[in-house]
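Inspection log for the structure reproduced underneath, given as structure tokens.
Below, all heavy atoms of this structure are taken into account, side chains as well, without hydrogens, waters or symmetry copies. This is a predicted model, so every value here is computed, not measured.
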Amino acid sequence: MQRIAVIGGGITGVTTAYALLKRGLDVTLYERHRYAAMETSFANGGQLSASNAEVWNHWPTVLKGLRWMLRADAPLLVNPKPSWHKLSWFAEFMAAIPRYANNTTETTRLAIAARDHLYQWAWEENIDFDLEQRGILHIYRHRQDFEHAGRVSELLAKGGLERRAVTPDEMRTLEPSLAGDYYGGYFTESDATGDIHKFTHGLAAAIERRGVTTRYGHDVCDLEADASGAWVTTAEGREAYDGVVVCAGVGSRGMAAKLGDRLNVYPVKGYSITVHLDEAASQQAAPMISLLDDEAKLVTSRLGKDRFRIAGTAEFNGNNRDIRDDRIRPLIDWVEQCFPGVSTRRVVPWAGLRPMLPNMLPRVGRGRLSSVFYNTGHGHLGWTLSAITAEMVADSVTVARPAGARLSAAR
């Protein structure tokens, strides 16, 4: 039986381990934290959103970013301090602008394909993750933003997604608790929300039950590979495998370099708040439908009866993981403006680093060596795309490392 190491215990690593396990491989999962899903998969926006598949490689996004550079509370914030990593990333980001339409459509296809796998896995493993299949409503205050959304809808439709324009009256019917004046919206009935941490934790428990070896609290300090296999080194020792799949989020770039591959992942920080709905009045005033405010770059999800998650923004500031008050405050203000009946007395802030590649598409498949594979760089759609990219990389592994291939010897 083929022995495969998976590096990373977030949503992509755990789904990858699950997909490999279902193909009959002997899988070992490495995670530096004591538990699965303790970094970027801990408290994201909660959306399973094919409707958010538009890539950012678009001139209007670039111009907005330039205008916002001096605003600490801007939805998109770039630390102007230069670094070679940041400069190379933005150069490649700009170079991908001509592929904006095709990459948006391709991301949509992947997001739709991921749904059935994720729902099936949750059903098979009896995972409760506060799933709400009520759709996602995109809201727009200005005509030009609404018209841009119409053009995006055409690209999403090419990828197979159905979403429809709705009037302000229809928006109030869909979500009566939403306050404010809006030009219009777009509603995607097939999208959903849930708790990524609960899902990943549940699937991590399932892979352990099914025989995956989990090495939590094991920080990978070295990776090596050649055509015959791969070697993973931690403080606890060195182990040999037939292959390795790197699912290490923002750490994937450094690991790829050790393995002879260039993977220009940049850490793009996102923030979230979880509003605890302790009183019945707040539970009634909080929305049940998921929202995406394109102007504020915020998404929402209702997590069970008593939690309301608001997440978003993008901060290009290297590996900085600080939770900044001037970035959290706009999220709280947004809740108080759009849902004034919700109490913000108990709010839990969080920040995570999204692993983002310049073209906004994940890297999935084989590296330079036949023993090395990647499933990383999903950016803001890590959960949305996780199930299909796990299937894709598992297919790549089984093709490149067929049964009977020689097990790598210790060296």
Would you find a donor on one side and an acceptor on the other, under 3.5 Å apart, between the side chain of [X] and the backbone of [Y]?
X    : Y    : result
K86  : V78  : no
D226 : G229 : yes
S301 : L303 : no
H85  : V265 : yes
T15  : I11  : yes
S272 : A43  : yes
Q283 : L277 : yes
T104 : V55  : yes
D73  : D326 : no
R354 : T40  : no

Derivation of the side chain to side chain contact (heavy atoms under 4.5 Å, CB included) call for H148 and Y140 = CA-CA 10 Å; H148 172 72; Y140 303 94; over 6 Å; no
Apply side chain to side chain contact (heavy atoms under 4.5 Å, CB included) to the pair L298 and T313, showing each step before the final yes or no.
-> CA-CA 6 Å; L298 296 180; T313 76; 4.1 Å; yes
Should we count CD of E162 as having more than 12 external heavy atoms under 6.0 Å?
->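 For E162, atom CD is not crowded (no more than 12 foreign heavy atoms under 6.0 Å).
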Determine whether more than 12 heavy atoms belonging to other residues, nucleotides or ligands lie under 6.0 Å from atom CD of E239.
->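 Check passes, neighbour count above 12.
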Any idea how F90 and F316 line up, ring-wise: parallel (<30°), tilted (30 to 60°), or perpendicular (>60°)?
->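 The arrangement is tilted - the two ring planes meet at 30° to 60°.
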What I want to find out is whether [X] reaches [Y] closely enough, with some N-O distance under 4.0 Å, to be called a salt bridge.
X    : Y    : answer
E125 : R209 : yes
E279 : R346 : no
R32  : E39  : yes
R151 : E154 : no
D130 : R302 : no

Show your reasoning for whether side chain to side chain contact (heavy atoms under 4.5 Å, CB included) applies to F187 and I289.
-> CA-CA 10 Å; F187 181 59; I289 198 170; 3.4 Å; yes
In a check of side-chain contact (heavy atoms from CB on, under 4.5 Å) between T300 and each of L292, L291, L137, which one passes?
->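 Among L292, L291, L137, the one meeting side-chain contact (heavy atoms from CB on, under 4.5 Å) with T300 is L291.
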Nearest 0.5 Å, what's the [atom1]-[atom2] distance between [X] and [Y]?
X    : Y    : atom1 : atom2 : result
S88  : N264 : OG    : CG    : 4.0 Å
K297 : T61  : NZ    : OG1   : 6.0 Å
Y266 : S83  : OH    : OG    : 5.0 Å
D242 : S371 : CG    : OG    : 9.0 Å
T108 : L161 : OG1   : CG    : 6.5 Å
I112 : I388 : CD1   : CD1   : 11.5 Å

Determine whether [X] and [Y] make a side-chain contact, defined as any pair of heavy atoms from C-beta on separated by less than 4.5 Å.
X    : Y    : value
F199 : L131 : no
I97  : W59  : yes
L77  : R324 : yes
Y216 : L29  : yes
F339 : I310 : no
I207 : V27  : no
R307 : D195 : yes
D294 : D145 : no

Go through the steps to decide whether R141 and D293 satisfy the test side chain to side chain contact (heavy atoms under 4.5 Å, CB included), and finish with yes or no.
-> CA-CA 9 Å; R141 296 172 182 82; D293 186 334; 2.7 Å; yes
Side chains of [X] and [Y]: is there a donor and an acceptor less than 3.5 Å apart?
X    : Y    : value
H378 : T12  : no
S153 : R163 : yes
E336 : T344 : yes
W383 : N44  : no
N52  : Q47  : no
K269 : N317 : no
Y241 : Q2   : no
T193 : R309 : no

Proximity of W89 and F93 rings by center, below 6.0 Å |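 Between F93 and W89, which both carry aromatic rings, the centre distance is below 6.0 Å.
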Would K64 and E295 count as a salt bridge (Lys or Arg N to Asp or Glu O under 4.0 Å) if you check the C-alpha gap in whole Å, the side-chain angles of each, and the deciding distance to 0.1 Å?
-> CA-CA 10 Å; K64 285 179 181 178; E295 182 180 7; over 6 Å; no
